[in-house]
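Below: the structure, in structure tokens.
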Amino acid sequence: MSSDTAFIHEPAPGNPGWLTWNLEDDTRFNAVGLGPMIIRREGERSARVRLVDLETRHSNMHGNVHGGVTLAFIDVAMFATMFRVLGAEVTGSVTLDLHNQFIGAGRIGAPLDVVCEVMRETGRLVFLRGTAEQGDNLVSSFVGTLRKPSLR
């Protein structure tokens with residue numbers, strides 16, 4: 001478990017090299033709206049975050065991953081990446097902006113990955129960019145900015 005006690009961040013059973021990224025409180029949105037997530041570092045400034053179980057509840061009327069699910073997952077993945085790459089305290093951080101371009105449809109039944117890179121960190125801000133993908137299928141491309149919590 002990490003020192004950031006709101007999160008369960010420990011080795012992911014059955015997934016060597018991956019760590020869990022879940023809230024201790026499983027009644028909050030991450031658990032209820034999205035589900036189990038795992039994360040691993042990929043390079044010095046990036047991480048891959050995986051939404052493990054995409055089910056019918058994550059689908060739109062076409063049977064694909066709902067765009068709102070993809071956006072919510074990208075939002076969570078930016079925080080997970082900030083934590084994993086920078087070791088930064090994420091509790092109390094907020095999303096300032098998230099610009100997304102949908103490129104293809106996500107499939108239900110296959111894990112959805114967000115590959116996210118920290119572009120720059122300042123005293124209060126973290127600038128990120130990345131993609132959501134399933135194997136060779138590019139689902140979206142995004143850029144976003146997070147504001148770290150105030151010291152009080």
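Just so you know, residue 1 is the first one in the sequence shown, and it goes up from there. As the structure is a prediction and not an experimental result, all values here were calculated from the model.
The heavy-atom pair separating Val94 from Phe79 by the smallest distance is C-CZ, 3.8 Å. Shown here for Pro149 and Ser93, the closest heavy-atom pair between the two residues is CD-OG, 3.1 Å. Across all their heavy atoms, Glu44 and Val85 have their closest contact at O-CG1, 3.7 Å. Taking all atoms of both residues into account, the shortest heavy-atom contact from Asn22 to Gly35 is OD1-O, 4.0 Å.
For the pair Leu54 and Gln134, the minimum side-chain heavy-atom distance is below 4.5 Å. A 4.5 Å side-chain heavy-atom check between Phe7 and Leu23 finds at least one atom pair inside the cut-off.
Salt-bridge annotation for Arg45 and Glu121: absent, with no side-chain N of the basic residue lying under 4.0 Å from a carboxylate O of the acidic one.
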>> Determine whether Val139 and Val65 satisfy the following criterion, side chain to side chain contact (heavy atoms under 4.5 Å, CB included), listing intermediate values before the conclusion.
In response: CA-CA 10 Å; Val139 176; Val65 178; over 6 Å; no
>> Between Thr81 and Val49, is the side chain to side chain contact (heavy atoms under 4.5 Å, CB included) condition met? List the steps.
In response: CA-CA 8 Å; Thr81 299; Val49 186; 4.0 Å; yes
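Follow the hydrophobic side-chain contacts under 4.5 Å out from Ile38 and you never reach Trp21; the two are in separate clusters. A continuous path of hydrophobic side-chain contacts links Leu112 to Leu98 [ILVMFWY only; heavy atoms under 4.5 Å]. Linking ILVMFWY side-chain heavy atoms closer than 4.5 Å, directly or via other members, places Ile8 and Trp18 in two distinct hydrophobic clusters.
The stretch residues 57-70 participates, sequence neighbours left out, in these side-chain hydrogen bond (donor to acceptor under 3.5 Å, both in side chains) pairs: Glu55-Arg57.
Classification of the His9-Phe83 ring pair by plane angle, with boundaries at 30° and 60°, yields perpendicular.
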